Asker: 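Starting off with a structure, shown below.
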Amino acid sequence: MTQGAHTSPGRRTVLGAAVLGTAALTAGAAGTAAQAHGRPTGAHPRLPVPTVIAHRGASGYRPEHTLGSYQLALDMGADVIEQDLVPTKDGHLVCRHENDITGTTDVADHPEFAARRTTKSVDGTALTGWFTEDFTLAELKTLRAKERIPGVRQENTAYDGRWAVPTFEEVLRWAEKEGRRRGRPVWLHVETKHPTYFRKIGLPLEERLAKLLRRYGRHGAGSPTFLQSFEPTSMRRMAALVSAPRVVLLSGAGTRPWDFTETGDPRTVADLITPEGLKWIASYAQGIGPTLDLVVPRRPDGTLGAPTTLVRDAHAQGLLLHPYTLRNENSFLPAEFRRGTDPAAYGDVFGAYEAYFATGIDGIFTDQPDTGLLAAADFRAASH
C-alpha cells in the first residue's frame, strides 16, 4: 500500500496540479482582498485578526487533546481549536500530540499492556514507552488521559482520568453538534504527526484524514478547517486530496523537516523562510506556522531581539502566519516578561502578546485561550 502510493502518480498528479494551481490563485486573491480592507495580506477573511488558536485545546487548564480541553477552549471563545493526529494499529485516527502515549495516558498502570513497552526510532529520535500504533482503538479506549507536565500544571492533575483518548471522528461529531448549537462553525486546526514515519509502517495519515474531512464536509476551500504539518510533503499530498487550507509548520532555522531528511532534500527551515522558499510553500499552502523565535529571535539572555522580516516576506506571498506557542507560565516566556522565580507562576503574558502581535502576525497558538482572547481584543482596540 505504501509503495503503491509513491509509485502510481497518474491521476493524483494531474489532480494535484489542478488543486495547487487553484490554491495559488486563491491565496493571491485572498491577499489582494485583505490588503483592500486594511487586513494583513495573509489574514483569513472569516477570522478575526489576531486569531486565537487553542493549542491542543485549553491545555493550560485541562489535560491536552481531550474533549474536556476542546470544550473548555470553545466555551472560552477560542477562534480555532487544534488537534494532532496519530493512528491506531487498526487505522483509526486519534488525537494525541505524539504516538508515544507514556506521558499523556495511564497506560503504565495497565499490567495487561506492560509487554508492549518498547523502544522505537521516531524521526531519528529513540523513544522508549507505549505507542498508539501498537494498540487497537478498542484497547486504546481502555486508557484514560492525564496531564503531560504536572510539575508546571499541578492543577490540571485534578482532571487526570476524567476523559478517554478521542478519535478525530468523535471530534468532528462534537464540532458538528456544537456548531449547530451555536449557529456558527467550529474551526479546527488539524496536524498530521510524523506522516513519513507512519506511511513507512503502513499507516498513512493523509488518505484517512481526507476521507473523514469529505465525510463531514470539511474538505472544501471554504471549510472552517486548517490542515498543518511539519513535513511539507504531507501538505502537498493533502493538496491533491482536499482543498481545505493548508499550513506548513516550521521549527528552528537550523532544523530540517524529516521528510526532507528521508528523501535527501538538503534544505533546512532557514531555506524555507527565504522569499524563494516562501514562494515555494505558497504554491501548495496558504500559510505557515513558525516557531515564535523565527518571528522574534531571543537573545542569549533570553530576552526578545529585533523582529525578523518573516512576517513581511510571508505576507508578500499571500501566506498567513500562525506562530506557536505562547503560554502564561514564566518557564515559557521571554526573560523580560517573567515575574518572580517560580517557573510555574504566571508572568507578564499580556506584555508578551503585545510584542508578538505588533509584528503583524495573523494569529497565535496558545495554551490559555482566554488570556489570548483578552490580549487580542486589547491589541485590536489599540489599533483603531
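Scope of the values below: all heavy atoms of this structure, side chains included, with no hydrogens, waters or symmetry mates. Along the sequence shown, residues are numbered consecutively beginning with 1. Please read all numbers here as calculations on a predicted model, not as lab measurements.
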Asker: Would you compute the distance between atom OG1 of Thr51 and atom CG of Leu320 and round it to the nearest 0.5 angstrom?
Answerer: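 Spacing of OG1 (Thr51) from CG (Leu320) equals 8.0 Å.
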Asker: Are Arg218 and Thr225 close enough that a side-chain donor and a side-chain acceptor fall under 3.5 Å?
Answerer: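 Looking only at side-chain atoms, Thr225 and Arg218 do form a donor-acceptor pair, the distance falling under 3.5 Å.
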Asker: One pair to check against side-chain hydrogen bond (donor to acceptor under 3.5 Å, both in side chains): Glu82 and Gln228. What are the steps and the verdict?
Answerer: CA-CA 10 Å; Glu82 185 199 33; Gln228 56 175 338; 3.1 Å; yes
Asker: If I take atom OG1 from residue Thr233 and atom CZ from residue Arg199, how far apart are they, to the nearest 0.5 angstrom?
Answerer: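 With rounding to 0.5 Å, OG1 (Thr233) is 8.5 Å from CZ (Arg199).
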Asker: Any chain of hydrophobic side-chain contacts (each under 4.5 Å) joining Leu93 to Tyr197?
Answerer: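 Linked, Leu93 and Tyr197 end up in one cluster.
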Asker: Between Lys146 and Asp106, is there a side-chain N and carboxylate O pair less than 4.0 Å apart?
Answerer: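 So Lys146 does not pair with Asp106 through a salt bridge.
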Asker: Salt bridge check: are Glu170 and Lys141 linked by an N-O gap of less than 4.0 Å?
Answerer: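 Yes, charged N to carboxylate O under 4.0 Å.
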Asker: According to the salt bridge (charged side-chain N to carboxylate O under 4.0 Å, His left out) rule, which pairs have a member within residues 64-78, sequence neighbours left out?
Answerer: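 Sorted result for residues 64-78: Arg56-Glu64, Glu64-Arg148, Asp75-Arg182.
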Asker: Name all pairs fulfilling the salt bridge (charged side-chain N to carboxylate O under 4.0 Å, His left out) condition that reach into residues 315-333, sequence neighbours left out, sorted by first residue then second.
Answerer: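 Checked against salt bridge (charged side-chain N to carboxylate O under 4.0 Å, His left out) - neighbours excluded - the pairs reaching residues 315-333 are Arg153-Glu329, Arg327-Asp367.
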Asker: Scan residues 89-100 for pairs that pass salt bridge (charged side-chain N to carboxylate O under 4.0 Å, His left out), counting only residues two or more places apart or in two chains.
Answerer: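 Qualifying pairs: Glu98-Lys193.
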Asker: For residues Ile53 and Ile364, determine if any side-chain heavy atom of one lies less than 4.5 Å from a side-chain heavy atom of the other.
Answerer: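 No. Closest side-chain heavy atoms not under 4.5 Å.
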Asker: If you take all heavy atoms of Glu336 and Thr303, which pair is closest and at what distance?
Answerer: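 Closest heavy-atom pair between Glu336 and Thr303: OE1-CA, 3.0 Å.
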Asker: Does Ala358 have any side-chain contact (heavy atoms from CB on, under 4.5 Å) partners at least two apart in sequence or in another chain, and if so, which?
Answerer: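 Once residues adjacent in sequence are excluded, Ala358 has no partner under the side-chain contact (heavy atoms from CB on, under 4.5 Å) criterion.
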Asker: Applying side-chain hydrogen bond (donor to acceptor under 3.5 Å, both in side chains), which residue pairs with at least one partner in residues 372-384 are found, sequence neighbours left out?
Answerer: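 Not a single pair qualifies under side-chain hydrogen bond (donor to acceptor under 3.5 Å, both in side chains).
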Asker: Would you list the pairs meeting ring-ring contact (aromatic ring centres under 6.0 Å, His included) in which at least one residue belongs to residues 99-144, sequence neighbours left out?
Answerer: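 Of all non-adjacent pairs touching residues 99-144, those that pass ring-ring contact (aromatic ring centres under 6.0 Å, His included) are His110-Phe113, Phe113-Phe135.
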Asker: Apply the test side-chain hydrogen bond (donor to acceptor under 3.5 Å, both in side chains) to residues Glu191 and Ser229: give CA-CA distance (whole Å), side-chain angles for both, the deciding distance (0.1 Å), then the verdict.
Answerer: CA-CA 5 Å; Glu191 181 181 349; Ser229 182; 5.7 Å; no
Asker: Work out which heavy atom in Pro290 is nearest to a heavy atom in Val295; give both atom names and the distance.
Answerer: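 Of all heavy-atom pairs spanning Pro290 and Val295, the closest is CG-CG2, 4.0 Å.
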Asker: Under a single-linkage definition using a 4.5 Å side-chain heavy-atom cutoff for Ile, Leu, Val, Met, Phe, Trp and Tyr, are Ile101 and Leu205 assigned to the same hydrophobic cluster?
Answerer: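 Yes, Ile101 and Leu205 fall within the same hydrophobic cluster.
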Asker: Can Lys120 and Asp134 be counted as an ion pair, charged N to O under 4.0 angstrom?
Answerer: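 Yes, charged N to carboxylate O under 4.0 Å.
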Asker: Please work out whether the ring planes of Phe365 and His55 are parallel, tilted or perpendicular, with thresholds of 30° and 60°.
Answerer: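 Phe365 vs His55 ring planes: perpendicular.
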Asker: Linking Ile, Leu, Val, Met, Phe, Trp and Tyr through side-chain heavy atoms less than 4.5 Å apart, which residues share a cluster with Trp163?
Answerer: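 Noted: Trp163 shares its cluster with Tyr159.
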Asker: Could you state whether Tyr353 and Phe332 fall into the same hydrophobic cluster, counting links through intermediate Ile, Leu, Val, Met, Phe, Trp or Tyr residues with side-chain heavy atoms under 4.5 angstrom apart?
Answerer: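 In one cluster: no.
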Asker: Taking ring-ring contact (aromatic ring centres under 6.0 Å, His included) as the definition, give me every residue that meets it alongside His194, ordered by chain and number, with sequence neighbours left out.
Answerer: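 Residues passing ring-ring contact (aromatic ring centres under 6.0 Å, His included) with His194: none at all.
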Asker: Can you measure from CE (Met235) to CG (Leu227) and round to the nearest 0.5 angstrom?
Answerer: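 Answer for the CE-CG pair, Met235 versus Leu227, is 5.5 Å.
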Asker: Not counting sequence neighbours, which residues clear side-chain contact (heavy atoms from CB on, under 4.5 Å) with Asp313? List them please.
Answerer: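 By the side-chain contact (heavy atoms from CB on, under 4.5 Å) rule, Asp313 matches Pro275, Leu278, Thr309.
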Asker: Which ILVMFWY residues can you reach from Met76 by hopping between side chains whose heavy atoms are under 4.5 Å apart?
Answerer: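 Members besides Met76, by chain and number: Tyr61, Leu72, Tyr346.
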Asker: Suppose the criterion is ring-ring contact (aromatic ring centres under 6.0 Å, His included): which pairs have a residue in residues 213-239, not counting sequence neighbours?
Answerer: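 Passing the test, one end in residues 213-239: His44-Phe226, Trp187-Phe226, His189-Phe226, Phe226-His322, Phe230-Tyr324.
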Asker: Do the side chains of Arg215 and Glu169 get close enough for a salt bridge, i.e. N-O under 4.0 angstrom?
Answerer: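 Result for this pair is yes, salt bridge flagged.
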Asker: Are the side chain of Thr291 and the backbone N or O of Leu294 linked by a donor-acceptor pair below 3.5 Å?
Answerer: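 Judged by distance alone, no pair lies under 3.5 Å.
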Asker: Using the salt bridge (charged side-chain N to carboxylate O under 4.0 Å, His left out) rule, collect all pairs that involve residues 258-284, keeping only residues at least two apart or in two chains.
Answerer: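 Those involving residues 258-284 are Lys200-Glu262, Asp265-Arg267.
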